Amino acid sequence: MAQATQEFGEWPLKRLMTEVVGSGHKSADDMTREQAREAFQRILADEPDHLTLGAFWLANRWKRNNSEELAAYTDVMLEESVEAARPDCDPVDCGANYDGKHTSAVLGVGAGAVAAAAGTPVVVHSGDRVPTQKACAYKHVLDELDVRTELEPEESAAMIDETGFGFYYQPNFNPGIHALWERRDQMGVRTFVNTIETVANPADADVHLGSFYHLAFAKKTTDLVKESEELDFSRVIMFQGMEGYDDIRPGYTKVAEWTRGTDESDETFEDYEIETAEYGMDMESEDLEVSDLEADSAAITEEVLAGEREDAFADAIALNGAFRIYARRDVDSLEEGLERAREVIADGSAEAVLEDLRAF
């Protein structure tokens, strides 16, 4: 084991537990940025005893990390683990929860292909059965569609430039986080790693599209971006996605938009609601449930992009594609984006993106 005082600073995780974060969710203190940075540097270096690491993760969960701590963790991840590869285009970064979905179809591959066909490049990233849910994520749907996923970062960047849609594979672009897989799995609950991996931004994109369970988390995420010294997103748009994923839910969906300013007075944060019924979509969450997440999500994606469906799945993929187009400001409104999304499905352009992905 590394000697903490020689390789790091003065704050091994055991000391942080004893003196700062480990006294319970009501009495624990927040860490300074420097303490949080050192903690995560130690974690990525595999320095802490695994029992101490588990206790530290759990204490952070009970205490609840503030945005400064999350920004410090994120900066260390970007400095010491992430191998970014920037494409020539500037895609929308879609960072859905890496541990995936259990019940409803994953719509982001179809939505991304629709956006790409409309001229909005999209990048997605995920791992493979990430704890805690270890459920269906972007990689698994792409695998079912016979699209290469275990790409090196430079290949992922080339995929975006050639097709308009790119996939980055966590073990290859973020190996330090991937190396924590077993320890995360043993925890049995989510940790702050589940939060920061979604903003790894492997394509160095300008716009991030993400999801949240509660609006307060969206605000914490935008504060994380603002306080990070490494993230350069100028715009973050998040919504209350299905199962915490980046799929707009039928019915009512809360949305949060943040735009970076030249100074704090120019910065904006607003929230509003989307009602799918306002777009002529008569569907419930149950209408998007499937029994075999990987196979059914892939089949639905193929059929929608081929123009073979006119059901809730077709509406949902078109709406989510429109939201990606809107996120990059390639249209002025979601209505305009939806019109564009339906056009590229009808004329075969969206299906062509999928064929290009398979040929890559």
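Positions are given from 1 along the sequence. The model shown is predicted, which means the values in this text are computed figures rather than measured ones.
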If you group Ile, Leu, Val, Met, Phe, Trp and Tyr by side-chain heavy-atom gaps below 4.5 Å, do Phe173 and Val147 land in one group? no
For the pair Arg309 and Glu302, find out whether any cationic side-chain nitrogen is under 4.0 Å from an anionic carboxylate oxygen. no
Quick one, Leu319 and Phe323 - any side-chain contact, counting heavy atoms below 4.5 Å? no
Quick check: closest heavy atoms across Val20 and Asp30, and the distance to 0.1 Å? CG1-O, 3.7 Å
Kindly check if the number of other-residue, nucleotide or ligand heavy atoms within 6.0 Å of CD (Glu182) is above 12? no
Cationic N near anionic O, under 4.0 Å, Glu336 to Arg340: no
Tyr213 vs Gln240, side chain to side chain contact (heavy atoms under 4.5 Å, CB included): CA-CA, chis, key distance, verdict: CA-CA 6 Å; Tyr213 285 103; Gln240 199 169 19; 5.7 Å; no
So which atom in Ile43 and which in Arg183 form the shortest heavy-atom distance, rounded to 0.1 Å? O-NH1, 4.4 Å
When every non-hydrogen atom of Ala200 is compared with those of Leu78, the smallest separation belongs to O-CD2, 3.2 Å
Does the ring of Trp11 carry Arg15 above it, NZ/CZ under 6.0 angstrom from centre and within 45° of its axis? yes
Side chain of Ser349, backbone of Ala117: donor and acceptor closer than 3.5 Å? no
Checking the side chain of Asn194 only, and the main-chain atoms of Arg190 only, is there a donor and an acceptor separated by less than 3.5 Å? no
Evaluate Met17 against Lys14 for side chain to side chain contact (heavy atoms under 4.5 Å, CB included), listing each step before the verdict. CA-CA 5 Å; Met17 287 291 298; Lys14 185 177 179 181; 5.5 Å; no
Side-chain H-bond candidate by donor/acceptor type, Thr103 with Glu289, under 3.5 Å: no
Are Ile177 and Arg184 packed together at the side-chain level, in the sense that at least one heavy-atom pair is separated by less than 4.5 angstrom? yes
With a distance cut-off below 6.0 Å to the six-membered ring centre and an angular limit of 45° from the axis, does Lys219 pair with Phe269 as a cation-pi contact? yes
Between Asp232 and Arg260, does the salt bridge (Lys or Arg N to Asp or Glu O under 4.0 Å) criterion hold? Intermediate values first, please. CA-CA 9 Å; Asp232 291 325; Arg260 189 190 299 274; 5.6 Å; no
Are Leu145 and Leu107 in one and the same hydrophobic cluster, where Ile, Leu, Val, Met, Phe, Trp and Tyr link if side-chain heavy atoms are under 4.5 Å apart? yes
Do Phe165 and Leu354 make a side-chain contact, defined as non-hydrogen atoms from C-beta onward lying under 4.5 Å apart? no
So, does Asp161 use its side chain to make a donor-acceptor pair with the main chain of Ala158 at under 3.5 Å? no
Considering non-hydrogen atoms only, spot the tightest contact between Gly22 and Ala59 and give its length. CA-CB, 4.2 Å
Answer yes if the ring centres of Tyr138 and Tyr168 are under 6.0 angstrom apart, and no otherwise. no
Decide, yes or no, whether a salt bridge links Glu69 with Arg64 under the criterion of side-chain N to carboxylate O below 4.0 Å. no
Lys/Arg-Asp/Glu bridge criterion (N-O < 4.0 Å) met for Asp206, Arg328: no
Measure up the His208 and Phe233 rings against each other and bin them: parallel (under 30°), tilted (30 to 60°), perpendicular (over 60°). tilted
Would you indicate whether Glu310, at its atom CD, is surrounded by more than 12 heavy atoms from other residues, nucleotides or ligands within a distance under 6.0 Å? no
Within the 3.5 Å criterion, strictly below it, is a donor on His125 or Asn201 matched to an acceptor on the partner's side chain? no
Heavy-atom side-chain contact between Tyr169 and Leu151 under 4.5 Å: no
Which atom names give the shortest non-hydrogen contact between Ala256 and Leu215, and what distance separates them? CB-CD1, 3.9 Å
Okay, side chain of Thr52, backbone of Pro48: is any donor-acceptor separation there less than 3.5 Å? no
Check against side chain to side chain donor-acceptor pair (under 3.5 Å), Asp128 and Tyr98: CA-CA 8 Å; Asp128 188 2; Tyr98 274 36; over 6 Å; no
Check whether any side-chain N or O of Asp247 sits under 3.5 Å from a backbone N or O of Met242 as a donor-acceptor pair, and report yes or no. no
Would a hydrophobic clustering, with Ile, Leu, Val, Met, Phe, Trp and Tyr connected at side-chain separations under 4.5 Å, put Ile274 with Met238? no
Is a side-chain N or O of Glu38 found less than 3.5 angstrom from the main chain of Gln35, in a donor-acceptor match? no
Within 6.0 Å of CG in Asp266, more than 12 heavy atoms from elsewhere: yes
pair Glu294-Val141: side-chain heavy atoms closer than 4.5 Å: no
Criterion side chain to side chain contact (heavy atoms under 4.5 Å, CB included) on Leu338 and Met281, from CA distance to verdict: CA-CA 12 Å; Leu338 186 57; Met281 299 177 183; 3.8 Å; yes
Going through the distances and angles, do Asp185 and Lys134 end up as a side chain to side chain contact (heavy atoms under 4.5 Å, CB included)? CA-CA 9 Å; Asp185 189 37; Lys134 296 189 284 187; 3.1 Å; yes
Report yes or no: does Ser81 contribute a side-chain atom to a donor-acceptor pair with the main-chain N or O of Gly176 at less than 3.5 Å? yes
As a test of understanding, state which of Val193, Asn97, Thr221 forms a side-chain contact (heavy atoms from CB on, under 4.5 Å) with Thr198. Asn97
Using atom types as modelled and distance alone, determine if a side-chain donor or acceptor of Glu303 lies under 3.5 Å from a backbone N or O of Ile300. no
Would a 4.5 Å heavy-atom cut-off, applied to side chains only, mark Val122 and Pro91 as touching? no
Donor-acceptor pair, distance only, cut-off 3.5 Å: does the side chain of Ser23 make one with the backbone of Ala28? yes
Using the side-chain contact (heavy atoms from CB on, under 4.5 Å) rule, pick out the option among Gln133, Glu243, Arg129 that qualifies with Asp99. Gln133
For Ile248 and Phe239, work out which heavy atoms get closest and say how close. N-CE1, 3.4 Å
Say whether, by atom type as modelled, one donor and one acceptor occur between the side chain of Thr276 and the main chain of Gly251 under 3.5 angstrom. yes
Lys254 to Tyr272 six-membered ring, cation-pi geometry met (6.0 Å, 45°): no
Tell me whether Glu257 is salt-bridged to Arg235, with the criterion being a basic N under 4.0 Å from an acidic carboxylate O. yes
Residues Glu68 and Lys226 bridged, charged N to O under 4.0 Å: no
Between Ser67 and Lys220, a side-chain donor and acceptor under 3.5 Å: no
Exactly one of Asp246, Asp330, Val207, Ile237 clears side-chain contact (heavy atoms from CB on, under 4.5 Å) with Arg324, and that residue is Asp246
Quick check on the hydrophobic clustering: are Trp258 and Leu70 connected, directly or via other members, by side-chain heavy-atom contacts under 4.5 Å? yes
Rounded to the nearest 0.5 angstrom, the CG-CD distance for Leu13 and Glu47 is 7.5 Å
Could you tell me if the side chain of Leu334 sits less than 4.5 Å from the side chain of Tyr279, heavy atoms only? yes
Below 4.0 angstrom, N of the basic side chain to O of the carboxylate: do Arg37 and Glu34 qualify? no
Quick one: do Phe40 and Val130 end up in the same hydrophobic cluster if we chain Ile, Leu, Val, Met, Phe, Trp and Tyr together by side-chain heavy atoms under 4.5 Å apart? yes
Do Leu16 and Phe56 have side-chain heavy atoms sitting under 4.5 Å apart? yes
